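Please read the structure below before turning to the comments.
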Amino acid sequence: MFSRAKALFDPLVRLLLLAIVLASIVPVTGEARAIARVISDIAIFLLFFLNGLRLPRAQVVQGMRNARFLLPLVLWVFGAMALAGIAASRLGGTVLPASVAMGFIFLGVLPSTVQSATAYSSIAKGNVAASVVAAAALNILGVFITAPLIGLLASSEMAAVDLGALERIGLILLLPFVLGQVLQRWLGAKVADNRTLVSWMDRIAIAIAVYVAFSGAVEQGLWTLIGPLDWVILLALVGAMLAIGFTGAWLLGGALRLSMPDRISFLFAGAQKSIAMGAPLAALLFPPAVAGLVLLPVLIYHLVQMVISAPLAARFSRA
């Protein structure tokens with residue numbers, strides 16, 4: 001019970017909830033939205049620049065060599081979970097708004113978290129090095145894979161994906177990451193020495209992206225578009241995705257005969273989905289009126305995965 005409560009008080013969770021509440025009460029609309037999107041883009045640029053600064057290239061190279069661990073993880077995260085997202089989207093598409101239903105496909109093709117997957121692997125006595133490298137590699141691949149996959153898998157009957165936004169992804173996600181890698185030699189140590197400040201900058205950037213996206217959803221009538229029955233279906237489908245993510249990743253790790261530390265790391269890297277990647281990508285891929293609705297399944301999944309992961313990691317640590 002304490003672990004679940006602690007997960008709910010995670011700083012990122014609190015910021016996400018605050019962003020949702022603020023967007024519901026004071027959504028950014030009209031001419032202010034253009035200014036807010038610029039601020040959001042700058043925050044996202046900074047987020048990926050910092051990621052580039054703090055991710056050692058040696059760790060990525062080392063992780064890429066562990067094909068027995070990484071290749072099945074990539075296929076699970078971007079393949080099996082994508083299929084689960086398509087199934088959930090079709091099940092919910094008859095009742096839920098099209099953009100919300102498409103959000104399950106978006107959820108399915110997102111990469112894993114970096115910070116929380118690594119933190120929970122450490123608590124659970126997993127292979128922390130493998131977890132760090134796998135989550136980082138998945139997020140780098142996600143920049144190249146998630147956007148094309150959502151464009152390919154999203155039905156033409158649902159909200160259209162603006163594939164022209166791929167240029168913005170290159171400028172706002174890839175460019176700062178590459179710059180961070182290039183400047184890592186000179187600035188990497190400063191980032192490492194100011195981890196608390198950098199972590200808060202990450203969280204604030206994600207919260208800004210969520211606030212801007214969710215404001216668009218509120219303006220479109222989110223709280224009237226989704227009725228009580230819709231919420232029940234939405235939560236049930238997210239619960240099904242969580243069950244598939246956690247149970248499937250654990251069983252696949254066993255089928256691969258991974259060592260227990262590797263299997264634990266595979267579980268958290270394979271089951272968790274990254275709001276840190278989801279919020280910026282949604283803001284860049286979709287127009288504001290669509291982005292918040294698409295993000296809804298991702299936000300719920302992220303909040304619940306934290307509640308599940310905390311006691312699960314604690315249980316592994318006692319084993």
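Nothing here was measured: the structure is a model prediction, and the numbers come from that model.
To the nearest 0.5 Å, atom CG of residue Leu252 and atom CH2 of residue Trp76 are 6.5 Å apart. In this structure, the separation between CG on Leu284 and CZ on Phe286 is 10.5 Å, given to the nearest 0.5 Å. Ile206 CD1 to Ser40 OG: the interatomic distance, rounded to the nearest 0.5 Å, is 11.0 Å. Interatomic distance, Ile44 CD1 to Arg37 CZ, rounded to the nearest 0.5 Å: 9.0 Å. For the atom pair Phe49 CZ and Leu175 CG, the distance stands at 10.0 Å (nearest 0.5 Å). If you take CG on Leu96 and CE on Met102, they are separated by 13.0 Å, rounding to the nearest 0.5 Å.
No side-chain heavy atom of Leu46 sits under 4.5 Å from any side-chain heavy atom of Pro176. Annotation: side chain of Ile264 is not in contact with side chain of Asn127 (no heavy-atom distance under 4.5 Å). Within the 4.5 Å cutoff, the side chain of Leu110 has no heavy atoms near those of the Ser274 side chain. Using a 4.5 Å heavy-atom threshold, the side chains of Phe48 and Asn139 count as separate. Counting heavy atoms from C-beta outward, Leu267 and Leu312 have side chains that approach closer than 4.5 Å. Counting heavy atoms from C-beta outward, Pro27 and Phe214 have side chains that stay 4.5 Å or more apart. Between Phe106 and Leu281, some side-chain heavy-atom pair lies under the 4.5 Å cut-off. Counting heavy atoms from C-beta outward, Lys273 and Met81 have side chains that approach closer than 4.5 Å.
For Leu242, the side chain to side chain contact (heavy atoms under 4.5 Å, CB included) test picks out Val238, Phe246, Tyr301, Val304, Gln305, Ile308, with sequence neighbours left out. Residues forming a side-chain hydrogen bond (donor to acceptor under 3.5 Å, both in side chains) with Ser112 (at least two apart in sequence, or on another chain): none. Under the side-chain hydrogen bond (donor to acceptor under 3.5 Å, both in side chains) criterion, Ser199 pairs with no residue at all, not counting sequence neighbours. With sequence neighbours excluded, the residues satisfying side chain to side chain contact (heavy atoms under 4.5 Å, CB included) with Asn194 are Leu197. With sequence neighbours left out, Thr113 forms a side-chain hydrogen bond (donor to acceptor under 3.5 Å, both in side chains) with Ser116, Gln272. Remark: Ser265 engages no residue in a side-chain hydrogen bond (donor to acceptor under 3.5 Å, both in side chains) (not counting sequence neighbours). Applying the side chain to side chain contact (heavy atoms under 4.5 Å, CB included) criterion to Ala43, with sequence neighbours excluded, gives Ala205, Ile208. Residues passing the side chain to side chain contact (heavy atoms under 4.5 Å, CB included) test with Arg68, sequence neighbours excluded: Asn66, Arg257, Leu258. Asp41 pairs by the salt bridge (charged side-chain N to carboxylate O under 4.0 Å, His left out) definition with Arg168, not counting sequence neighbours.
Nearest approach of Gly254 to Arg263, heavy atoms of both residues: N-NE, 3.2 Å. Of all non-hydrogen atoms in Ala213 and Leu295, the two that sit nearest each other are CB-CD1, 3.9 Å. Of all the heavy atoms in Pro280 and Leu47, the pair that sits closest is CG-CD2, 4.2 Å. Across every non-hydrogen atom of Ala314 and Ile123, the tightest pair is N-CG2, 4.3 Å. Closest heavy-atom contact between Leu73 and Ala269: CD2-CB, 3.8 Å. Nearest approach of Ser121 to Ser131, heavy atoms of both residues: OG-OG, 3.3 Å.
Residue pairs meeting the salt bridge (Lys or Arg N to Asp or Glu O under 4.0 Å) criterion with at least one member in residues 198-207, sequence neighbours excluded, are Arg54-Asp202. The ring-ring contact (aromatic ring centres under 6.0 Å, His included) contacts involving residues 185-213 comprise nothing, where partners must be two or more places apart or lie in separate chains.
Connection of Ile42 to Ile172 is not established within any shared hydrophobic cluster, with ILVMFWY side chains joined at heavy-atom distances below 4.5 Å, either directly or through further cluster members. Under the 4.5 Å side-chain heavy-atom criterion for Ile, Leu, Val, Met, Phe, Trp and Tyr, Leu70 and Leu256 are members of the same hydrophobic cluster. Both Leu234 and Trp223 are part of a single hydrophobic cluster, where members link through side-chain heavy atoms under 4.5 Å apart. Hydrophobic clustering of Ile, Leu, Val, Met, Phe, Trp and Tyr side chains at less than 4.5 Å, counting indirect connections, keeps Ile150 apart from Leu75. Note on Leu141: it clusters hydrophobically with Val298, by side-chain heavy-atom contacts below 4.5 Å among ILVMFWY residues.
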**OP:** Walk me through it: do Leu12 and Met306 pass the test side chain to side chain contact (heavy atoms under 4.5 Å, CB included)?
**Re:** CA-CA 10 Å; Leu12 179 57; Met306 300 287 283; 5.9 Å; no
Original post:
Leu225 and Asp230: side chain to side chain contact (heavy atoms under 4.5 Å, CB included), yes or no, with the steps?
Top reply: CA-CA 9 Å; Leu225 279 173; Asp230 298 332; over 6 Å; no
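A side-chain donor-acceptor contact under 3.5 Å links Thr146 to the backbone of Val109. Of the possible donor and acceptor atoms, none in the side chain of Ser89 sits under 3.5 Å from a partner among the backbone N and O of Gly85. With Ser99 contributing its side chain and Val294 its backbone, the two residues share no donor-acceptor pair below 3.5 Å.
Val232 belongs to no hydrophobic cluster with other residues, because no ILVMFWY side-chain heavy atom falls under 4.5 Å from its own, directly or through intermediates.
Classified by interplanar angle (parallel below 30°, tilted 30° to 60°, perpendicular above 60°), the ring pair Phe316/Trp250 is tilted.
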